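What's counted below: heavy atoms across the whole structure, side chains too, no hydrogens, waters or symmetry copies. All ligand and atom numbering here is 1-based and tracks the order in the structure. Predicted, not measured: the structure shown is a model, and the values here were computed from it.
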Amino acid sequence: MAILITENAEEGSRTAARLVARAIRNRPTLRLGLAAGHTPTGLYRELVRLYRSEKLDCSDVRFFSLDEWMGLPSDSPNSFRSFFHHHLLDHLNVDPDHIHLLSGQPGPDAAASCAAYERLIRDLGGIDLQLLGIGRNGHLGFNEPGSSLHSRTRFSLLSQQTRRANARFFPKGQVPEWAMTVGIDTILEARFLMLLAFGKEKAAAVAKAVEGPLTASIPASAIQLHPAVIVVLDKPAAARLTNAAYYRREASHLETLLPDWLRQGPP
Ligand code: F6R
């Protein structure tokens, strides 16, 4: 696992966006898994800037989502679908047929639509690069504490902590009770994971995920099982790591920690 401790969230977002842009250049048909939430907004902003200033061609990239609130109307401004369009997809040269987002629609077909999403990811060749945030309670996607480390795409009951943390995004704080989420096993099948965390309120969860025991109580600790992960932090989010000095030394050789296809230059 490569742990990159950056000066601040802005630098972390810029560094992460450069890596994503490099992944797109090296592999123009990149299958990119997107996370929603506050954390990746700087990365998406920077990616849009690179698209405009460096003509980053995204026409062959496929986009997948990690999760979605359940039961919101499809045109709801609070949906992750709207979030992805607003922050990223509407600003790049994306082929609309290459956008694959979880529906979050409840009802008798919900389980079938989760299974269909898994099939779609598989049939399109799997996710190459999965972007991730982390909840203050250690959730990954909307896999809340207690989720099986072998979970697949399904609907998940949200913890009160998660609902409270997201109340500011909903009118009258009415956060849905349920979400659809890609499972932990599904996440671990991606070829490369990039987890971002900024701010001191993430420090405890980050330390547990990176240095604590592998446990379903901290779903993000599952990244320890993956052979190709980069964790991009700002200083406050890294504040509770005990091995920070080692991570800094290791990160000075970042290129050696990346999979071949993500290294500088053509694959
Ligand atoms: C969002 C997601 C969540 C968030 C996490 C952190 O797609 O999967 O796991 O990454 O809740 O949210 P923010 O970034 O708003 O702190």
Side-chain angles (χ1 to χ4, degrees), residues 9-10 12-13 16-17 20 32-45 63-70 72 76 78-89 99-104 114 117 121 127 129-147 151-170 173 175-188 190 193-206 208-210 216 218-223 229-234 236-237:
E10 203 186 318
S13 302
V20 175
L32 180 61
L34 302 174
H38 180 67
T39 308
T41 51
L43 185 166
Y44 296 150
R45 204 167 33 247
F63 300 87
F64 298 82
S65 62
L66 190 58
D67 39 22
E68 179 59 280
W69 306 108
M70 271 186 91
L72 298 182
S76 165
N78 300 115
S79 68
F80 285 164
R81 172 179 298 273
S82 299
F83 172 94
F84 292 128
H85 277 279
H86 176 74
H87 287 279
L88 187 70
L89 302 172
I99 301 175
H100 313 285
L101 305 179
L102 276 163
S103 74
C114 291
Y117 198 65
I121 292 174
I127 307 278
L129 171 48
Q130 177 66 59
L131 301 174
L132 298 162
I134 183 171
R136 291 175 213 189
N137 63 358
H139 73 214
L140 192 64
F142 276 144
N143 296 285
E144 295 282 30
S147 298
S151 51
R152 311 293 315 187
T153 302
R154 68 197 187 290
F155 28 99
S156 141
L157 181 65
L158 296 169
S159 69
Q160 294 300 18
Q161 198 180 2
T162 297
R163 295 182 71 220
R164 268 198 305 275
N166 286 280
R168 65 190 190 283
F169 300 121
F170 285 85
V175 183
E177 269 200 279
W178 293 83
M180 237 178 218
T181 184
V182 159
I184 295 178
D185 242 358
T186 327
I187 292 171
L188 294 180
L193 305 182
M194 183 184 287
L195 187 148
L196 310 184
F198 303 129
K200 65 176 187 316
E201 62 285 356
K202 297 293 175 72
V206 165
K208 288 181 193 160
V210 170
I218 302 291
S221 65
I223 63 170
V229 183
I230 185 167
V231 178
V232 183
L233 307 171
D234 63 358

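For atom 11 (O) of ligand 1, the nearest non-hydrogen atom of the protein is His139 NE2, 2.6 Å. Of the protein's heavy atoms, Ile134 O, 3.3 Å lies nearest to atom 6 (C) of ligand 1. Here the protein heavy atom with the shortest distance to atom 15 (O) of ligand 1 is His38 N, 2.8 Å. The nearest protein atom to atom 12 (O) of ligand 1, hydrogens excluded, is given as Lys202 NZ, 4.2 Å; this is a heavy-atom distance.
With no hydrogens or angles considered, no side-chain donor-acceptor pair links Gln161 and Arg164 at under 3.5 Å.
Side chain of Ser151 to backbone of Ile184: a donor-acceptor contact under 3.5 angstrom is found. The backbone N or O of Arg81 lies less than 3.5 Å from a partner atom in the side chain of Glu68, making a donor-acceptor pair.
The distance criterion of under 3.5 Å between nitrogen or oxygen atoms is not met by Phe80 with respect to ligand 1.
Heavy-atom proximity to atom 4 (C) of ligand 1, evaluated over Ala35, Ala179, Ala36, Gly138, is greatest for Ala36.
In this pair, Phe80 and Phe142 present their aromatic rings parallel. The plane angle is below 30°, not in the 30 to 60° band.
Heavy-atom distances between Arg136 and ligand 1 stay at or above 4.0 Å for every pair.
Gln130 contributes atom CD, which lies 11.0 Å from atom CE of Met194 (distance to the nearest 0.5 angstrom).
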